[in-house]
Amino acid sequence: MKELAKISSWKYSKFLSNKRYNFSRKQVLKHLSKQFIDKAYNKISKWKGYSPTPLIKLNKLNKNLKLKNIFYKDESKRFHLKSFKALGGAYAVEDISKGKKNIVISSATAGNHGRSVAWGAQRLGLDCRIFVSQYVSETRVKEIEKFGATVTKVKGDYESSLNECIRQTKKNKWHIVQDVSNKNYKYVPQLTMAGYSIMIKEISKQTNQYITHVFLQAGVGGMAAGSVAGIARYFKRIPKIIVVEPKEAACVLKSIEAKKIKKIKIKKESIMGGMSCNEMSLVPWNILNKSTNHCITIDDSKVSNTIAMLAKAKFSNKKITGGECATPGIISLIAACNDKKIKNLLELNEKSNVLVMGCEGNADATLYNKLLSQGLKKI
Ligand SMILES: Cc1ncc(COP(=O)(O)O)c(C=O)c1O
């Protein structure tokens with residue numbers, strides 16, 4: 001394993017154990033019900049082109065870390081959208097449009113959610129207006145426009161784009177599809193999370209090994225919470241749940257630490273753009289605050305290495321296209337294993353079946369190519 005020698009120096013930034021951990025299937029499914037979860041699977045699994053995304057064994061990395069198995073869920077193959085987000089926004093569009101053809105769908109997005117919404121609207125022949133901040137790349141804008149949506153760039157950050165989207169939605173009587181929930185807006189985000197839980201349903205059929213550890217990356221927490229709900233619904237045994245975030249955008253860690261939703265100030269945007277969020281969404285908080293065992297944060301320094309190592313089949317026998325947000329599970333798993341105390345605490349050993357989520361492929365091809373070439377020089 002000479003090739004993987006360099007990973008022995010990889011480190012995490014912060015580690016936190018959740019003192020209030022108390023997993024309860026009933027509690028989790030109170031916030032995202034079995035009915036929501038089952039309906040999402042029944043609908044989406046009938047879509048044209050649906051098939052489960054691959055569950056790949058990272059056998060080379062596994063040999064190095066001396067675990068039983070490492071499973072990588074490869075969402076680069078999710079429909080043709082190259083990200084798990086295809087399961088969320090598009091499904092929410094289908095549900096709320098209820099077969100009507102004369103409505104306009106709107107959304108604000110940092111990228112992947114908007115693509116999913118635009119694709120969902122196009123599938124049903126609906127008009128779609130997407131709002132993005134000035135920081136969203138041209139590549140991502142073009143990817144959304146490919147699905148027939150009209151994209152408006154708004155000066156300022158994500159919040160400015162959301163405010164403008166809400167303003168125009170009210171004025172024009174459009175139908176907004178957001179993936180972030182609050183006290184007064186839960187139903188649509190719950191639909192998106194129910195869509196994400198399909199990843200877990202698929203995994204439960206793709207291996208007969210009991211998963212012992214799940215590393216779930218988080219932005220506002222929708223993906224992590226949707227996955228936890230899937231675990232509560234489909235897994236016979238509850239694995240250890242570890243939430244991973246960029247160190248500058250650790251809103252889940254900070255909230256768990258503070259025992260309430262904590263808004264943070266992002267001083268530096270992470271390269272893992274989809275995860276660079278400053279405040280958790282409400283439903284994810286309700287699900288994650290007691291079902292998360294541990295939180296880990298990482299910096300950006302190993303993102304490009306990981307992208308290159310996935311592409312060059314250094315972790316498995318297969319070449320994998322994993323974008324920036326597909327890397328945190330692998331990085332934090334390696335970093336946890338490099339710290340003996342944490343490795344023992346997490347009980348990461350030869351009996352462990354670890355699941356990491358390869359959330360996206362080259363969804364932003366320009367950024368992917370840049371990071372890949374940077375990474376190739378480092379590995
Ligand atoms: C591409 C991408 N966008 C966004 C996110 C964050 O999802 P959420 O905001 O639901 O936590 C992830 C995963 O963490 C991701 O891989």
Side-chain angles (χ1 to χ4, degrees), residues 32 53 72-76 78 81-89 91-92 107-117 132 136-137 139-140 143-144 158 162 177-182 188-197 199 214-230 241-246 249-253 255 261 266 269-285 287-288 292 295-298 303 306-307 310 321-332 356-365 367-368 371:
L32 192 65
T53 53
Y72 177 96
K73 185 66 170 160
D74 182 9
E75 290 297 305
S76 72
R78 186 61 70 185
L81 266 76
K82 304 175 186 171
S83 134
F84 75 95
K85 294 254 167 174
L87 297 167
Y91 169 57
S107 187
T109 181
N112 287 340
H113 168 68
R115 283 183 80 201
S116 181
V117 170
V132 298
V136 171
S137 75
T139 315
R140 289 206 184 257
E143 289 287 344
I144 297 168
Y158 169 79
L162 178 60
V177 173
Q178 289 309 130
D179 53 352
V180 184
S181 55
N182 60 42
V188 172
Q190 279 172 318
L191 292 171
T192 64
M193 284 182 265
Y196 304 154
S197 71
M199 293 189 283
V214 188
F215 285 74
L216 296 168
Q217 50 273 62
V220 300
M223 196 287 292
S227 299
V228 168
I241 291 161
I242 300 121
V243 170
V244 190
E245 294 170 285
C251 60
V252 177
L253 183 146
S255 300
I261 293 180
I266 296 178
E269 292 290 338
S270 167
I271 194 78
M272 297 172 274
M275 298 166 61
S276 194
C277 302
N278 69 346
E279 191 178 13
M280 282 189 80
S281 167
L282 180 61
V283 177
W285 165 249
I287 290 177
L288 294 174
T292 305
C295 296
I296 295 190
T297 68
I298 53 167
V303 170
T306 307
I307 287 174
L310 284 168
T321 306
E324 63 281 3
C325 287
T327 64
I330 294 175
I331 298 171
S332 55
V356 295
M357 307 301 263
C359 280
E360 66 177 346
N362 59 345
D364 181 338
L367 179 60
Y368 176 82
L371 291 170

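One-based numbering, in listed order, for ligands and for the atoms of each.
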Answer yes or no: is there a donor N or O on one side and an acceptor on the other, between the side chain of His113 and the main chain of Gly274, under 3.5 Å?
no

Donor-acceptor pair, side chain of Thr192 and main chain of Gly88, under 3.5 angstrom:
no

Would you say the side-chain atoms of Thr53 and Asp74 include a donor-acceptor pair closer than 3.5 Å?
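Thr53 vs Asp74: no donor-acceptor pair found between side chains.
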
If the threshold is 4.0 Å, N to carboxylate O, is there a salt bridge linking Glu75 and Arg78?
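Looking at Arg78 together with Glu75, the answer is yes, because their closest N to O distance falls below 4.0 Å.
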
Considering all heavy atoms of both residues, which atom of Ala218 and which atom of Val252 are nearest to each other, and what is their separation?
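Reported closest heavy-atom pair: CB-CG2, 3.9 Å.
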
With a 4.0 angstrom cut-off on heavy atoms, strictly below it, pick out the residues next to ligand 1 and order them by chain and number.
Phe84, Lys85, Asn112, Gln217, Ala218, Gly219, Val220, Gly221, Gly222, Met223, Gly274, Met275, Cys325, Cys359, Glu360

Would you call Ile261 and Leu282 a side-chain contact if the rule is heavy atoms closer than 4.5 Å?
yes

